[in-house]
4 protein chains.
Amino acid sequence: MTERQEKILNTALKLFAENGYDSTSTSKVAKAAGVSEGLIFRHYTNKEGLLSAIMVQGKQSALSMYKYILDQQDPKSVIRGIIKLPFTLSEENYNFWKLLYALKWQADVYDHSISAPVKEALINAFTKLNAEDPDAEAEGVLLLIDGIATSVLLRKPENKQAILQTILKKYNV
Amino acid sequence: MTERQEKILNTALKLFAENGYDSTSTSKVAKAAGVSEGLIFRHYTNKEGLLSAIMVQGKQSALSMYKYILDQQDPKSVIRGIIKLPFTLSEENYNFWKLLYALKWQADVYDHSISAPVKEALINAFTKLNAEDPDAEAEGVLLLIDGIATSVLLRKPENKQAILQTILKKYNV
Amino acid sequence: MTERQEKILNTALKLFAENGYDSTSTSKVAKAAGVSEGLIFRHYTNKEGLLSAIMVQGKQSALSMYKYILDQQDPKSVIRGIIKLPFTLSEENYNFWKLLYALKWQADVYDHSISAPVKEALINAFTKLNAEDPDAEAEGVLLLIDGIATSVLLRKPENKQAILQTILKKYNV
Amino acid sequence: MTERQEKILNTALKLFAENGYDSTSTSKVAKAAGVSEGLIFRHYTNKEGLLSAIMVQGKQSALSMYKYILDQQDPKSVIRGIIKLPFTLSEENYNFWKLLYALKWQADVYDHSISAPVKEALINAFTKLNAEDPDAEAEGVLLLIDGIATSVLLRKPENKQAILQTILKKYNV
DNA sequence: GATGAATGAGATTTCATTCAT
DNA sequence: CATGAATGAAATCTCATTCAT
């Protein structure tokens, strides 16, 4: 990947995350990246191709980010780690997640491959803890972190720590 | 509001919810409503005005929908009722919420007036239950129902009841 | 069909015929027709739709033009009439035919419905004249008038009349 | 001419003939020829230069192909040979002629130098045969083979032989 | 109130061509 | 000689909005 390609990708991610995919024209991306508009299409074929490239890159970096959490032995650590996840996003990951969450709502672009390993780890953990219905418990946590992520991504809560504590207590982790 | 106005409003809500606000042209709305495109602008000034009108209407109907839940005396009933809320959406409310949730992600249109009374009721309930930090507890529940709503609106979970049970148990309500 | 629609259609026919379909941008058509570019798409959906509309109109006018030739009783009159056809094109028909002939060469847009009745009439005429192979004779004449039409449409021959005479003599009509 | 230059030329001829000059981008030519796009411009300056080179090459090969027909002594053999010409195209010549015929219709690129010797030979032949108006007769045959060529190049007629026979009979050759 | 013709700005995309390496 | 990254102009098309009737 050349320097310009990377510049396009990062600029597009930023703008897509901030202003939405639909509302961000390729012309805006090109201008912000300091690049001719044609170059975007030469490298990424079309606007959707640009989005795909962002997704591939983002997914990789996201997976590598939470891999070590899922691999822990102690089930409580796994659950706690997962619940804390949305609070610990890097800037790049922040933009990627924001874009990902916004895209859920249009078309069926949403890609389950990104949450599947998390769910698996949760089921595992709840099984170890002898939960009655580990699958339902896992789904419950997924809902919860979806809500947490939404809140974080939209920069809403001021009292993050306090909220986190009440939640962790509920789960006894 | 005349019959035509109502037709426009309902059609627009449906299309905006199903295909997104940006991706739905005023021309599509007009065609689907069986109305000339000009009429939309005569009644609602511009596309944003149409959206506003939808929001006003939706909010009213939403508030009236959960008013009786917030007014209950028993704090546990209030909390339980609020958590169950997303599972009990009528078709019209379903579309409104879907649109509302999708719009969160673009621009800063999000309107707190719609969740404010819910938060208040939750704080009240948790105070009655002698929670340590009622505000944080309330925020926690709000996050949770955000996640639940997202899941319901995107028609994902099959085992709704089981999930709901595990959650209610956590909250002991 | 409104006045503007007609203006667009006629202007497009002229430009397409003179400069080719591919080389004529919708912007050029709009400018030449004194109309906004968007209007073309509102009325004809896309550039191809504009072409189709031209074709439909042109075919009608063309068919009505040579109908009376095909309907004559005397077979020699029919053959003579058909051979003379390309020499008697009105300005509008001239442009239509030029466009039609140019389009033959790109894609498989060519529409046989326009030459089919001519072929039928020729077969009929040659049958009446007891030709050995009326079908082959008809095809032969079609080739010939294709050549003639090409020549006329590209404004080549100066000595049209003399050429026409030698040909008619060959066919003894 | 290097091997690469030849590859470019042949590939371009093929694509131009099959899909049209306008519709064939230099990028497609480069890809199909297995060559960088820049190389086309290094060798042929611009797209039009590429076309010119094709024309020069094609004309040479075309002329050499029918030279021996034009040089025959017997006038009837000359006329017959010329009429049969379009039925005897090699693959390479086929593409060249298809391109040539398609290009007639756009711009005034048509090059008379290619048909001039044929016309001369025809006038000569008809003069020897004591035709009343040899020039008109020659033009008549040129029209005819134009029609025949068009038909052959667009791969239309199934009963080629029968058609050819009726025509040759008309010309008594 | 209602229509629908018309506009103009802007979106995505294509493509011949240039140029540093 | 050869590559391929990069450009910029132009092409097709979309869409919110205006306006005469």
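These values consider heavy atoms only, across backbone and side chains, with no hydrogens, waters or symmetry-generated copies. Throughout, protein chains are lettered first and strands after them, A, B, ... in sequence-line order, and every chain is numbered starting at 1.
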Quick check for you: among E/dA2, E/dA16, E/dT12, whose closest atom lies nearest to any side-chain atom of B/R42?
E/dA2
Rounding to an integer number of Å, can you tell me how far B/I40 CD1 sits from E/dT3 P?
11 Å
For A/V35 and for D/G34, find the nucleotide of DNA chain F with the closest heavy atom, then tell me which residue's nucleotide is more 5'.
D/G34
Residues A/S27 and A/E37: side-chain donor-acceptor under 3.5 angstrom:
no
Checking B/D146 against B/Y101: is there a side-chain donor and acceptor pair closer than 3.5 Å?
yes
With sugar-phosphate meaning primed atoms plus P, OP1 and OP2, does D/T26 contact a base, only sugar-phosphate, or nothing at under 4.0 Å between heavy atoms?
base
Looking at A/A102, is its backbone amide N or carbonyl O close enough to the side chain of B/K104 to form a donor-acceptor pair, meaning the two atoms are under 3.5 Å apart?
no
5' precedence on DNA chain E between B/E37 and A/F41 (nearest-nucleotide basis)
B/E37
Starting at the 5' end of DNA chain E and moving along, which residue's nearest nucleotide shows up first, B/S36 or C/H43?
B/S36
Pull out every stem in DNA chain E, meaning runs of 3 or more consecutive Watson-Crick or G-U wobble pairs with both distances under 3.5 Å.
E:2-21 with F:2-21
Reading DNA chain F from 5' to 3', where do the contacts with chain C start and stop? Cut-off is 4.0 Å to heavy atoms.
F/dA11 to F/dT14
C/F96 six-ring centre to C/K59 NZ/CZ under 6.0 Å and within 45° of normal
no
Can A/K47 be said to sit on top of A/F41's aromatic six-ring, NZ or CZ under 6.0 Å from centre and within 45° of the ring axis?
no
Evaluate whether atom NZ of C/K14 has more than 12 neighbouring non-hydrogen atoms of other residues, nucleotides or ligands under 6.0 angstrom away.
no
Between the side chains of D/K7 and D/E3, is the shortest nitrogen-to-carboxylate-oxygen separation below 4.0 Å, so that they form an ion pair?
no
